[in-house]
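Shown next, in structure tokens, is the structure this report addresses.
Numbers here are sequence positions counted from 1. Everything numeric here is computed off the predicted structure, so don't read it as measured data.
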Amino acid sequence: MDALVRSLGGLNATLEEYGKVDRAIKNDPNSTENKEYFARLQMMTPEQLREEARTGSSDGIRVRNDALNALLGERASSDFRVSWSSYYNTDFDRTYGDAGAEFDRMREDFAADLPTEISKANFYRQTDAFRGSWMEKDAAEKTEHTKTLINSTILDGMRNSVDDDLHASVEPSEIVRKVFQRSSANRDFLGLSGQEQNETLFALAQEYAQRGEVEVVRQLLTADRQGGNGEVIPSLSRIAGYTTKAEALIERSCLGSGGNWTAA
């Protein structure tokens with residue numbers, strides 16, 4: 001009997017030691033067993049990963065469960081990126097919509113389907129930088145849209161002013177002087193850059209070239225301007241990138257009017 005007890009005691013100790021070694025192996029992320037398990041997870045679809053997490057078939061080993069759920073969050077991040085990109089480029093109101101609010105709403109919907117806090121945490125971590133890059137893109141688009149609206153409004157105002165003065169038979173030089181005053185004020189009060197002002201003035205000249213208003217076009221393109229502090233700003237025709245275009249536009253306006261005016 002004593003021999004049997006000692007034998008059983010020795011077996012129990014052996015089993016305990018084996019259990020410790022086995023647990024250590026299973027809890028070691030770098031063990032061959034776990035590496036093979038992680039490799040199998042990489043091949044699973046999102047649905048298979050969810051089932052794996054739900055059934056607990058990872059033998060209750062925490063390191064495996066953690067890896068499984070972290071990978072599930074990563075897969076959800078990939079799916080979310082595709083869904084968000086598609087939604088933003090097709091259905092989202094890119095002019096007036098709140099991209100941040102929509103992004104967060106969709107992200108919360110995706111996170112709600114994840115089974116554990118670990119998978120959710122990894123999902124949010126994986127999509128944080130993605131959110132930042134898309135918000136920058138959205139802000140840039142909205143800024144550009146706002147600038148377009150401002151420039152369009154400014155052009156409309158200048159056109160109305162020119163039309164009113166033409167109707168009243170105001171001299172072209174005086175008409176354009178008023179336009180330049182408005183342009184200078186736009187720089188001071190709306191923060192428009194010099195390049196944006198140049199583009200607006202050239203667009204205005206293009207409109208009146210089509211209408212054959214030769215002298216208005218010539219004044220817009222060749223007259224010097226005055227800045228907000230009284231400094232002289234060179235005419236468009238003297239600014240690099242506009243010289244050749246200005247000459248061609250003046251010629252075009254002469255054709256539109258049936259005249260033969262030639263730029264000096």
Side-chain angles (χ1 to χ4, degrees), residues 26-31 33-156 186 190-193 195-196 199-200 203:
K26 288 182 176 180
N27 281 282
D28 179 9
N30 295 314
S31 71
E33 183 180 357
N34 279 323
K35 285 182 178 179
E36 291 175 351
Y37 181 75
F38 299 154
R40 289 196 300 274
L41 291 183
Q42 293 283 354
M43 302 300 294
M44 291 182 182
T45 66
E47 290 73 22
Q48 290 172 324
L49 286 170
R50 291 188 179 92
E51 181 63 16
E52 187 82 358
R54 187 186 67 80
T55 60
S57 60
S58 56
D59 302 323
I61 304 301
R62 192 184 72 178
V63 66
R64 289 186 172 187
N65 280 334
D66 289 354
L68 165 65
N69 285 295
L71 184 58
L72 186 57
E74 188 171 334
R75 286 293 176 84
S77 168
S78 297
D79 290 346
F80 173 76
R81 288 166 185 252
V82 173
S83 294
W84 168 257
S85 299
S86 175
Y87 170 69
Y88 183 89
N89 290 320
T90 55
D91 298 325
F92 178 67
D93 183 353
R94 292 161 67 173
T95 301
Y96 300 109
D98 186 337
E102 284 298 294
F103 188 101
D104 292 341
R105 178 189 62 77
M106 286 185 64
R107 191 160 66 156
E108 287 175 7
D109 289 344
F110 266 74
D113 290 335
L114 294 171
T116 66
E117 292 305 311
I118 290 177
S119 59
K120 292 178 182 178
N122 197 39
F123 168 69
Y124 277 109
R125 184 179 67 82
Q126 293 279 340
T127 53
D128 273 347
F130 182 67
R131 184 187 194 282
S133 64
W134 273 92
M135 293 310 102
E136 287 181 9
K137 169 184 169 65
D138 183 68
E141 284 199 9
K142 285 185 169 55
T143 299
E144 188 60 32
H145 175 72
T146 300
K147 284 185 176 181
T148 300
L149 287 178
I150 290 174
N151 290 337
S152 176
T153 301
I154 289 171
L155 189 60
D156 289 344
N186 290 334
L190 297 179
L192 298 186
S193 68
Q195 179 60 31
E196 288 170 329
E199 291 171 356
T200 301

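Here the straight-line distance linking atom CG of Leu71 with atom CG of Asn122 works out to 8.5 Å at 0.5 Å rounding. If you take CG on Asn69 and NZ on Lys120, they are separated by 11.0 Å, rounding to the nearest 0.5 Å. Taken from CG in Leu72 to OG in Ser119, the straight-line distance is 5.0 Å, to the nearest 0.5 Å.
Residues Ser77 and Thr127 share a closest heavy-atom pair of OG-CG2, 3.6 Å. Considering every non-hydrogen atom in both Phe110 and Ser83, the closest pair reads CZ-OG, 3.6 Å.
The side-chain contact (heavy atoms from CB on, under 4.5 Å) search around Gln195 returns Ser193, Asn198, Glu199, Tyr242, not counting sequence neighbours. Partners of Tyr124 under the ring pair (Phe, Tyr, Trp, His ring centres under 6.0 Å) rule, at least two apart in sequence or in another chain, do not exist in this structure.
The backbone N or O of Thr148 lies less than 3.5 Å from no partner atom in the side chain of Ser152, so there is not a single donor-acceptor pair.
None of Phe103, Tyr88, Tyr87 except one satisfies the ring pair (Phe, Tyr, Trp, His ring centres under 6.0 Å) rule with Phe80; the exception is Phe103.
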Could you go through the salt bridge (Lys or Arg N to Asp or Glu O under 4.0 Å) check for Arg105 and Glu102 one step at a time? CA-CA 5 Å; Arg105 178 189 62 77; Glu102 284 298 294; 3.0 Å; yes
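Side-chain contact between Lys137 and Glu141 is present, with at least one heavy-atom pair separated by less than 4.5 Å.
Salt bridge status for Arg107 with Asp128: present, with a side-chain N to carboxylate O gap under 4.0 Å.
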